[in-house]
Enquirer: 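Take this structure, written in structure tokens, and hold onto it; I'll ask about it next.
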Amino acid sequence: VTSEMRREEVKRTFENIIRLTRERDAALLLIAGDLFENRYSGRETMDWMNELFCSIPETDVIIVPGNHDPYSSASWYAAYPFADNVHILSAGSPDIFIEKKQVYVYGCGFSSYRQDEAEFVPVPQLIADAFNIMLFHGTVDMNFTTQPYNRVSSKTLEDFGFEYYGIGHFHKPSHQHPK
């Protein structure tokens with residue numbers, strides 16, 4: 001498989017996700033980081049992606065940056081004029097409450113290409129009578145001695161008490177549920 005073939009496969013997968021979001025009239029599209037490669041993505045890629053987000057205007061797209069697309073002053077997240085339905089959660093703006101949908105989302109992602117420990121600042125405060133979601137990019141319950149990438153324990157996450165956790169970083173699905 002060539003790198004060009006892989007890029008096309010990734011693009012088709014993303015287009016399919018947007019198509020399914022539209023077909024199912026999804027209220028939210030949660031993206032737990034690594035949406036793109038910040039170092040290699042250009043304006044054309046960002047325009048293409050944003051056009052797809054514009055095609056689902058009733059869906060709130062909530063993104064937490066990952067280690068491949070960290071939020072910094074030089075990132076696309078800080079510089080690009082995304083569609084109104086796109087919300088980027090960052091250290092400076094870690095949460096959003098969507099009142100009309102009664103959904104609260106707290107995000108913990110990356111502001112640089114490497115972060116050792118997850119920082120939950122401020123500590124998330126759940127909203128009563130809302131559906132509370134945590135969107136996280138990092139490593140959970142993994143004992144790395146090098147390159148830990150936003151390390152956190154499942155116990156720490158569980159103690160926050162969210163109804164749903166969207167976790168990204170490793171490309172292996174997990175269907176674990178808090179106790």
Enquirer: Between the main-chain N or O of Ile88 and the side-chain N or O of Tyr77, is there a donor-acceptor pair closer than 3.5 Å?
Expert: no
Enquirer: If you count the non-hydrogen atoms of other residues, nucleotides and ligands that lie under 6.0 Å from CG in Asn16, is the total more than 12?
Expert: yes
Enquirer: Please check: side-chain N/O of Thr21 versus main-chain N/O of Ile17, any donor-acceptor pairing under 3.5 Å?
Expert: yes
Enquirer: Between Asp60 and His87, does a side-chain hydrogen bond (donor to acceptor under 3.5 Å, both in side chains) hold up when you go through it step by step?
Expert: CA-CA 7 Å; Asp60 284 288; His87 314 281; 2.7 Å; yes
Enquirer: When the ring planes of Phe110 and His137 are compared, do they come out parallel, tilted or perpendicular, using 30° and 60° as the limits?
Expert: perpendicular
Enquirer: Counting distance only, does the side-chain N/O of Trp76 pair as donor-acceptor with the main-chain N or O of Ser41 below 3.5 Å?
Expert: yes
Enquirer: Backbone N or O of Ala26 within a donor-acceptor pair of the Thr59 side chain at under 3.5 Å?
Expert: yes
Enquirer: Donor-acceptor pair, Asn132 side chain versus Ala130 backbone, under 3.5 Å?
Expert: yes
Enquirer: Using a 3.5 Å distance criterion without hydrogens, assess whether the side chain of Asp34 forms a donor-acceptor pair with backbone atoms of His68.
Expert: yes
Enquirer: Could you list who else is in Val1's hydrophobic cluster, with ILVMFWY side chains joined at under 4.5 Å, directly or through other members?
Expert: Met5
Enquirer: Does a donor on one side chain sit under 3.5 Å from an acceptor on the other, for Ser153 and Thr156?
Expert: yes
Enquirer: Okay, side chain of Tyr106, backbone of Pro122: is any donor-acceptor separation there less than 3.5 Å?
Expert: yes
Enquirer: Under the salt bridge (Lys or Arg N to Asp or Glu O under 4.0 Å) test, which residues partner Glu51, sequence neighbours left out?
Expert: none
